[in-house]
Amino acid sequence: NALKVFKKVLNESPAEFAWRAKYQLGWCYYQLNQPNEAVAEFRDFLKSYPRSEVSADVLFWLGQFFYNQEKHDQAKPYFDALIKDFPHSELTDDAYYWLGVSIYQDKQSGGALRYWEKIVEDYPQSNFLPDALLRIGQVLWEEGKKDESTGKFREVIRKFPNTRWEKDAYYNLGQKLKESGKLTDAIDSIRRSLGESKDEYEAEKQFLIAECYEDLMRDEEAIAEYLKVGYLFPSAVSWSARAQLRAASIFEKLKKWEDA
């Protein structure tokens with residue numbers, strides 16, 4: 001019924017009402033689980049009303065739609081158009097972030113970096129600032145700029161205490177410290193990243209803590225940390241199994257056959 005109403009308004013109303021009907025028509029198709037029709041309607045909307053007060057929203061929706069479909073090449077032009085045509089929109093910083101992610105997903109990390117850096121430079125109040133800093137840190141590490149990379153993670157820890165971003169920053173930092181052979185510091189950082197969830201992600205963190213102790217040749221502590229994976233995260237079956245095998249291997253090395 002809504003589709004019929006909006007189509008009628010679109011065909012019979014003056015322009016100041018027609019664009020609103022066309023916009024709502026796109027949303028109706030989407031809510032009716034007809035995404036292809038919604039995309040076609042929104043694309044046509046942009047051709048007819050490229051500078052309307054909701055055109056930025058439509059551009060962002062189309063970008064997100066194609067990004068979620070993993071069609072990054074189709075997503076990028078919409079985010080880019082939003083940035084260029086609506087530089088003062090409330091969605092512009094969002095578009096910078098997702099354009100960077102789309103480019104990164106296409107293995108163009110250097111190109112992605114400048115869009116995330118734009119958020120840091122020009123949108124200090126953006127909700128995407130901590131995510132942008134985390135992604136910048138990751139790219140800098142991939143480029144071999146290790147001190148700059150860890151500096152970004154520490155910046156997130158400093159600026160966003162007691163948040164999920166702080167936890168993510170501690171974990172990223174811990175992983176990098178582990179890769180650098182700074183195992184004691186890595187243990188401390190990864191411990192600080194642990195949350196209250198009992199999912200695979202948290203089980204992975206606990207596993208890495210145990211792995212650090214094993215690399216330090218602190219076998220008894222490594223065994224204890226590996227065994228924690230199973231009883232702290234029982235639903236994380238794959239990590240629990242891997243941890244038990246590693247613990248058994250250490251027991252064998254210590255010739256504790258029954259424990260193994």
Should E166 and K159 be marked as a salt bridge (charged side-chain N to carboxylate O under 4.0 Å, His left out) after you check the CA-CA gap, both sets of side-chain angles, and the distance that decides it?
CA-CA 8 Å; E166 180 195 41; K159 289 183 175 179; over 6 Å; no
With side-chain hydrogen bond (donor to acceptor under 3.5 Å, both in side chains) as the criterion, how do E214 and Y226 come out once you've worked through the C-alpha distance, each side chain's angles and the decisive distance to 0.1 Å?
CA-CA 9 Å; E214 186 177 3; Y226 278 128; 2.5 Å; yes
Using salt bridge (charged side-chain N to carboxylate O under 4.0 Å, His left out), reason through R246 and E225 one step at a time and then give a plain yes or no.
CA-CA 11 Å; R246 295 287 283 272; E225 297 297 335; over 6 Å; no
Does R135 form a salt bridge (charged side-chain N to carboxylate O under 4.0 Å, His left out) with E117? I'd like the steps, not just the answer.
CA-CA 10 Å; R135 288 189 177 273; E117 287 176 337; over 6 Å; no
Start with the C-alpha distance between E148 and K152, add both sets of side-chain angles, then the distance that settles salt bridge (charged side-chain N to carboxylate O under 4.0 Å, His left out), and finish with yes or no.
CA-CA 6 Å; E148 291 181 56; K152 293 299 179 185; over 6 Å; no
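Counting heavy atoms from C-beta outward, I250 and K256 have side chains that stay 4.5 Å or more apart. Taking 4.5 Å as the limit, every side-chain heavy atom of T150 sits out of range of all side-chain heavy atoms of L140. Between W116 and Y104, the closest side-chain pair of non-hydrogen atoms falls below 4.5 Å. In this structure, F45 and V54 have side chains that are in contact, with non-hydrogen atoms separated by less than 4.5 Å. Residues W98 and F60 have side chains in contact (heavy-atom distance under 4.5 Å, counting atoms from C-beta outward). Using a 4.5 Å heavy-atom threshold, the side chains of F65 and F42 count as separate.
A pairwise comparison of heavy atoms in A95 and I83 identifies CB-CG1, 3.8 Å as the closest pair. In terms of heavy atoms, A247 sits closest to L227 at CB-CD2, 4.1 Å. Shown here for C212 and A186, the closest heavy-atom pair between the two residues is SG-CB, 4.0 Å. The heavy-atom pair separating G174 from I190 by the smallest distance is CA-CG1, 3.7 Å. Counting all heavy atoms, side chain and backbone alike, I103 lies closest to A112 at CG2-N, 3.6 Å. In plain terms, the two heavy atoms of L232 and K198 that are nearest each other are O-CD, 3.1 Å.
Between D93 and K118 no salt bridge is recorded (no basic side-chain N to carboxylate O distance below 4.0 Å). Salt-bridge annotation for R192 and D188: present, with a side-chain N of the basic residue lying under 4.0 Å from a carboxylate O of the acidic one. Under 4.0 Å is where a charged nitrogen must lie from a carboxylate oxygen, and between K205 and E200 no such pair does.
Atom CG of residue D85 and atom CG of residue D80 lie 9.0 Å apart, to the nearest 0.5 angstrom. Interatomic distance, CG of D73 versus CG of D106, reported as 5.0 Å (0.5 Å rounding). Summarising the geometry, atom NZ belonging to K84 is positioned 13.5 Å from atom OG1 belonging to T92; distances are rounded to the nearest 0.5 Å. Between the CG atom of L173 and the CZ atom of R154 there is a distance of 4.5 Å, given to the nearest 0.5 Å.
Between Y171 and Y201, the ring-plane angle classifies as perpendicular under the 30° and 60° cut-offs. Between W239 and F207, the two ring planes are tilted [angle within 30° to 60°]. Between Y96 and Y123, the ring-plane angle classifies as tilted under the 30° and 60° cut-offs.
For the residue pair Q175 and E179, no side-chain donor N or O sits within less than 3.5 Å of a side-chain acceptor on the partner. In summary, the side chains of Q105 and K76 do not present any donor paired with an acceptor at a separation below 3.5 Å, with no hydrogens or angles considered. Y67 and Q74 are not linked by any side-chain donor-acceptor pair at a separation below 3.5 angstrom, with hydrogens and angles left out of the test.
At most 12 heavy atoms of other shown residues, nucleotides or ligands fall within 6.0 angstrom of atom CG in D147.
Not less than 6.0 angstrom separates the ring centroid of W61 from the ring centroid of Y78. For F251 and W257, the ring centers sit 6.0 Å or farther from each other. A centroid separation of 6.0 Å or more is found between the aromatic rings of F66 and H72.
Under a 3.5 Å cut-off, the side chain of S180 and the backbone N or O of K182 do not form any donor-acceptor pair. Between the S149 side chain and the K145 main chain, no donor and acceptor come within less than 3.5 Å of each other. A donor-acceptor pair under 3.5 Å links the side-chain atoms of E202 to the main chain of G195, judged by distance alone. A donor-acceptor pair under 3.5 Å is absent between the side-chain atoms of S189 and the main chain of D185, judged by distance alone. Remark: the backbone N or O of D168 is paired with a side-chain donor or acceptor of N172 at under 3.5 angstrom. With hydrogens and angles disregarded, a donor-acceptor distance shorter than 3.5 Å links the side chain of K167 to the backbone of L194.
Note on L208 and L134: separate hydrophobic clusters, where clusters join Ile, Leu, Val, Met, Phe, Trp and Tyr whose side-chain heavy atoms are under 4.5 Å apart, directly or indirectly. A single hydrophobic cluster is seen to contain both L62 and V101, as judged by linkage of ILVMFWY side chains at heavy-atom distances under 4.5 Å, directly or through other members. Taking hydrophobic clusters as Ile, Leu, Val, Met, Phe, Trp and Tyr residues chained together by side-chain heavy-atom distances below 4.5 Å, F153 does not share a cluster with I209.
Annotation: cation-pi pair R51/F86 present, NZ/CZ under 6.0 Å from the ring centroid and within 45° of its normal.
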